[in-house]
Participant: 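Okay, handing you the structure first.
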Amino acid sequence: MTNEGRDAYVPAQVEAKWQRLWEERGTNSYTREKLEGAANPFFNLMMFPYPSAEGLHVGNIYAFTGADVHGRYQRMRGHDVFEPIGFDAFGIHSENFALKRGIHPMDLIPSNVKNFTRQLRRTGGMFDWRHIVDTTDPAYYKWTQWVFLQLFKAGLAERKEAPVNWCPSCKTVLANEQVIGGACERCGTPVEQRRIAQWFFTITRYAQRLLDNLATLDWSDSTRKAQENWIGRSEGAELRFPVLDAEGRETGTRIDVFTTRPDTIFGATYMVLSPEHPLVDEVTEEGQRPRVFAYREEAARKDLVARQKMDKTKTGVFTGGYCRNPATGKAIPIWIADYVLMEYGTGAIMAVPGHDERDFEFATAFDLPIVRVVAGEGQTADTPLSEAFSGDGILVNSGDFDGMPWEEGKREITEWLADAGLGESRINYRLHDWCISRQRYWGPPIPIIHCDACGPVAVPEEDLPVVLPRVEDFKPDDSGISPLARVEEWYRTTCPRCGSGARRETDVSDTFLDSGWYFLRYPSTDFEDRAFDQDMTSKWLPVKTYIGGNEHAVLHLMYSRFLTMVLHDLGLLPFEEPFTRFRAHGLITHDGAKMSKSKGNVVIPDPIIEEFGADTFRIYLMFLGPFEEGGDYRDEGIQGPHGFLHRLWDTVLSSADGEPDAAVERKIHRTVKQVTEQLPTLQYNTAVAALMECLNAVRAGGRQAVRAEVEPLVRMVAPFAPHVAEELWERLGNEGSIFHGAEWPSYDEAKTVDETVKVAVQVNGKLRGTVDVAPGSEQEAVVKLAQEEENVARHLEGLTVRKVVFVKDRLVNFVVS
RNA sequence: GCCGGGGUGGCGGAAUGGUAGACGCGGCGGCCUCAAAAGCCGCUGUCCUCACGGGCAUGCGGGUUCGACUCCCGCCCCCGGCACCA
């Protein structure tokens, strides 16, 4: 095939042309009227990027392309697809980077955003640039502050003192997930613990609903499971142990413990308090004080994560105090140990060394009594314990409950103790309240005013936004106090309630709050006087498809669900789950390894797009592996999709009028069927392969294609390679954009079937030949043909056919002996 | 330790229990071209055989089945997440 008389495919030209035309014609953007009037709305959301200075990386583009292919496909099916994009630009990463560079974030972020925008446009996503969101724009964070106020007014924002991870080098509070092995994830400095008063959203009140609703969501299983585990519901009982004085009399104080095994209470031979437990002082006997306090101080020096991750060897100190086991009536010693966490349950446990691995280890180390209270099969009350036994069994050494299966004992013992006023059944969650305070500069100020007379008072909504002042020296210092606390002219204000002198809250809020509601803002960015418009919101939300990384499977998605639920309960949203369908994309590796700067294997997209074009790059990314699993980026691999588009270009431009070849036509119908089935389920790699196969069939033997053969191909390629599809569509004589209407091709089921099918012929399960038959041929005819096949006949010679297995259109298997 | 996802040619990866390796990369040979870019044709799991054909092959070991990459049981390894959660 020659190129004579036709211009060659030059991706840069084609792509520049169509990006310009989309822009001019407003192909991908909605006016407010169009948003309001959309007949068939489809909100196609992808996780918005964090605009770092390095620019978009391949991982971003991979995710966005996968989402964009989906959006474009839905559009070609006739949906009004709204595909917005934005920038999640507040937060510690930007701030630290700005500090390192010596550029103010208010200068740095806009230039990053500009660069991201350029790159995003270049990749050919159908983003609606009229509806972008930038979390650092006062016009946006005004409403982030408004969201905070709605929770505050609903009593869901609480100020409480809490231990936090403190990085003495970054001079900042770290989230647990930012602490790796006891050290700051960014600088490696060992992390300490501090106590600071902070704002929390009481997400734990929603734990059960967040858990229950999971069943109703069309989400990746792995994501749902991650959420379930994070919520961590466990059923058990809260039991009360009376504290005893030196003479063995009850002091009136009781220690609450949470346990999932109330059935083992007869085996509780000691009690352990977390070092931070408020009753430590009270129960500690005079002579033990120095040791107990020393231990407590040591524990406080460790960060929260180290506390949990530390060595398996148990440490602890006896307080000298005792409490009464309410089941046995016996006095048991009270210890403190750092393996008991203040954050979980009640911060105190009844230790049952016979049936809990950790307690067993502790009891062994400190020579505390170990009693068996559950006997498994073949065991008795006296079978010695060489390790904690947590299996199934019946209760022993448990007074009246002896002989009872442990599951039943759980209920019975809880009931018994409840009747005695010593406990009740309880459900506990691992989920913690959401700490939204950040003692940093680069975030939206929390809209609260502290008044000596009135306490914390909400900033009146008409005074929003509380603008983050431009402060040249925003570096955090050792005080642990927010940088805004140094800006007196900013924080000095008057109380909105009583008018006396007051101070602004100087903490800013967590970036997860910015991203916890951004999807609500997108359709309503045309409204300046409300966070989200009621009509617009009920028209476009909840989000139809949300695509993003599994690294946000827990926090971002959980917080978004929580905020949506709260806003629903406040009567502000008609739905309580924001994302109908969520799919997590996989991870892109490079030469078999995760990309990282230290390995030097990071793929920079710009030069690739420059050399091969965005269309080729998009197809390659979608082709290199299953979208939900990721794949390996190999530099040479891009040649395949590159050649594919060149061949498509040549084939389309050299196509002639005429009737399609029958066999080719069938191939096309089969391809339309396959691709139509696979695009909605994100099986992009196999869909692309099918398109390649189809083009190969159209071109087989160097034949000239006819237009009816290439046209469906151009349409099917469009979601993957939108620019070249537009160009070819135009050159085929069509007016306007290929994405303008419902241009997705349809197929005829009857034409997906070939004239003949190859049937495999096996002898004893081994392939010995194939025969061509008409589809749907019956057993008798096929078997006859099969027996005549030369090679098959040889393998059957002299043998008795005992059985014939026949699968229509697939195979014949002769079972012989 | 727990939860999730994986292990298939030189490589990325395909395969409703029914011809394992689609599609693509890379490699080898050839064509077109002054040349390059793009393109075209053929071969390419492995071993035996000049060939026809045959043996062996989907992490390892068993099992179910006429037939297993696919289902069941028991292991090993890799990736991601969580981790003293009482």
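Values below: every heavy atom of this structure, side chains too, minus hydrogens, waters and symmetry copies. Throughout, protein chains are lettered first and strands after them, A, B, ... in sequence-line order, and every chain is numbered starting at 1.
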Participant: For the side chain of A:Tyr344, counting heavy atoms from C-beta on, which of B:G13, B:C82, B:C85 is nearest?
Facilitator: B:C85

Participant: Is the count of non-hydrogen atoms from other residues, nucleotides or ligands lying under 6.0 Å from A:Glu610 atom CD greater than 12?
Facilitator: no

Participant: Suppose you measure atom P in B:A14 against the same atom in B:G6; what distance do you get, rounded to whole Å?
Facilitator: 11 Å

Participant: When we call it a touch if two heavy atoms are under 4.0 Å apart, what does A:Gly643 touch: a base, just sugar-phosphate, or nothing?
Facilitator: sugar-phosphate

Participant: Could you pull out all residues at least two apart from A:Tyr344 that satisfy ring-ring contact (aromatic ring centres under 6.0 Å, His included)?
Facilitator: none

Participant: Would you kindly compare A:His646 and A:Thr259 by the position of their nearest RNA chain B nucleotide and give the one closer to the 5′ end?
Facilitator: A:His646

Participant: For the pair A:Ile255 and A:Ile334, evaluate side chain to side chain contact (heavy atoms under 4.5 Å, CB included) and give the outcome as yes or no after the intermediate values.
Facilitator: CA-CA 10 Å; A:Ile255 299 174; A:Ile334 304 172; 3.9 Å; yes

Participant: Any residue in residues 798-812 of chain A with a heavy atom nearer than 4.0 angstrom to RNA chain B? Just list them by number, or reply none.
Facilitator: A:Lys803, A:Val805, A:Val807, A:Arg810, A:Leu811

Participant: If you look only at pairs with a residue in residues 762-778 of chain A, which of them pass as a salt bridge (charged side-chain N to carboxylate O under 4.0 Å, His left out), with sequence neighbours excluded?
Facilitator: A:Lys758-A:Asp772, A:Glu778-A:Lys808

Participant: Using a 90° cut-off around 0 for syn, call B:G9 syn or anti.
Facilitator: syn

Participant: Looking across every strand, which nucleic acid part, if any, lies under 4.0 Å from A:Ser234 by heavy atom: base, sugar-phosphate, or nothing?
Facilitator: sugar-phosphate

Participant: Looking only at the side chain of A:Leu624 (C-beta and beyond, no hydrogens), which of the listed nucleotides B:C85, B:G12, B:A86 gets closest?
Facilitator: B:G12

Participant: Measuring only the P atom in each nucleotide, how far is B:G45 from B:U33? A whole number of Å is fine.
Facilitator: 32 Å

Participant: Check salt bridge (Lys or Arg N to Asp or Glu O under 4.0 Å) between A:Lys410 and all other residues, then give those that pass, not counting sequence neighbours.
Facilitator: none

Participant: Could you run down nucleotides 21-32 of chain B 5' to 3' and tag each one B, S or - for protein heavy-atom contact under 4.0 Å?
Facilitator: -BBSSS------

Participant: Atom CG of A:Leu695 and atom C1' of B:G39: how far apart are they, to the nearest Å?
Facilitator: 12 Å

Participant: Give the residues of residues 766-778 of chain A touching RNA chain B, defined as any heavy atom closer than 4.0 Å, sorted by residue number.
Facilitator: A:Lys766, A:Leu767, A:Arg768, A:Thr770

Participant: Tell me whether the side-chain N/O atoms of A:Asn791 come closer than 4.0 Å to OP1 or OP2 in B:G54.
Facilitator: yes

Participant: Go nucleotide by nucleotide along RNA chain B from the 5' end; which of A:Leu587 and A:Glu790 gets its closest nucleotide reached first?
Facilitator: A:Glu790

Participant: Just to be sure I understand the rule, does A:Gly345 reach a base, reach only the sugar-phosphate, or reach nothing, if contact means heavy atoms closer than 4.0 Å?
Facilitator: nothing

Participant: What nucleic acid atoms does A:Gln762 come within less than 4.0 Å of, heavy atoms only: base, sugar-phosphate, or nothing?
Facilitator: base

Participant: In this structure, how many angstroms lie between the P atom of B:C84 and the CD atom of A:Glu387, rounded?
Facilitator: 21 Å

Participant: Determine the Euclidean distance between corresponding C1' atoms of B:C11 and B:C50; express it in Å to zero decimal places.
Facilitator: 32 Å

Participant: Roughly, in whole Å, what's the span from NE2 in A:His552 to P in B:G80?
Facilitator: 17 Å

Participant: Determine the interatomic distance between C1' on B:U44 and the same-named atom on B:C82; round to the nearest Å.
Facilitator: 45 Å

Participant: Could you work out the separation of B:G62 and B:C52 based on their C1' atoms and round it to a whole Å?
Facilitator: 38 Å

Participant: Taking pairing as Watson-Crick or G-U wobble with both contacts under 3.5 Å, can you name the mate of B:U19, or confirm there isn't one?
Facilitator: none

Participant: Expressed as a whole number of angstroms, how long is the span from A:Arg233:CZ to B:A86:P?
Facilitator: 13 Å

Participant: Distance check needed: B:G1 C1' versus A:Glu357 CD, whole Å only.
Facilitator: 8 Å

Participant: Can you confirm if the NZ or CZ of A:Arg430 lies within 45° of the ring axis of A:Trp230 and under 6.0 Å from the centre of its six-membered ring?
Facilitator: yes

Participant: By the salt bridge (charged side-chain N to carboxylate O under 4.0 Å, His left out) test, which pairs, at least two apart or in different chains, include something from residues 620-647 of chain A?
Facilitator: A:Asp632-A:Arg634

Participant: On a whole-Å scale, what distance lies between the C1' atoms belonging to B:C28 and B:A20?
Facilitator: 24 Å

Participant: Using the salt bridge (Lys or Arg N to Asp or Glu O under 4.0 Å) criterion, which residues pair with A:Glu788? Sequence neighbours excluded.
Facilitator: A:Lys784

Participant: My understanding is that only residues two or more places apart in sequence, or in another chain, count here; which of them pass ring-ring contact (aromatic ring centres under 6.0 Å, His included) with A:Trp406?
Facilitator: none

Participant: If you apply the rule side chain to side chain contact (heavy atoms under 4.5 Å, CB included), what do you find for A:Leu395 with A:Phe266, and how did you get there?
Facilitator: CA-CA 9 Å; A:Leu395 300 187; A:Phe266 284 87; over 6 Å; no

Participant: Who pairs with A:Glu727 by salt bridge (Lys or Arg N to Asp or Glu O under 4.0 Å), at least two apart in sequence or on another chain?
Facilitator: A:Lys17, A:Arg731

Participant: Going by salt bridge (charged side-chain N to carboxylate O under 4.0 Å, His left out), name the pairs with one or both residues in residues 618-627 of chain A, residues two or more places apart or in two chains.
Facilitator: A:Asp68-A:Arg618

Participant: Can you tell me if A:His795 touches the phosphate of B:G54, counting only side-chain N or O atoms and a distance under 4.0 Å to OP1 or OP2?
Facilitator: yes

Participant: Checking A:Arg233 now: which residues fulfil salt bridge (Lys or Arg N to Asp or Glu O under 4.0 Å) with it, not counting sequence neighbours?
Facilitator: A:Glu235

Participant: Sticking with atom C1', work out how far B:C25 lies from B:G9, rounded to a whole angstrom.
Facilitator: 13 Å

Participant: What contact category does A:Asp356 fall into here, base, sugar-phosphate, or nothing, at under 4.0 angstrom with non-hydrogen atoms?
Facilitator: nothing

Participant: Partner of B:C82 by Watson-Crick or G-U wobble geometry, both contacts under 3.5 Å, or none?
Facilitator: B:G1

Participant: Rounding to an integer number of angstrom, what distance separates B:G7 and B:G13 when you compare their C1' atoms?
Facilitator: 13 Å

Participant: Quickly work out the A:Asn550 CG to B:G6 P distance and round it to whole Å.
Facilitator: 13 Å

Participant: Taking atom CG of A:Asp809 and atom CG of A:Asp754, what is their separation to the nearest 0.5 Å?
Facilitator: 11.0 Å

Participant: Please name the nucleotide paired to B:C43 by Watson-Crick or G-U wobble geometry with both distances under 3.5 Å, or report none.
Facilitator: B:G27

Participant: When the distance from CD of A:Gln704 to C1' of B:G39 is rounded to whole Å, what number comes out?
Facilitator: 16 Å

Participant: Within this structure, what is the CG-to-P distance between A:Leu621 and B:G13, rounded to whole angstrom?
Facilitator: 14 Å

Participant: Given B:A86, B:C85, B:C40, which nucleotide is nearest the side-chain atoms of A:Arg699?
Facilitator: B:C40

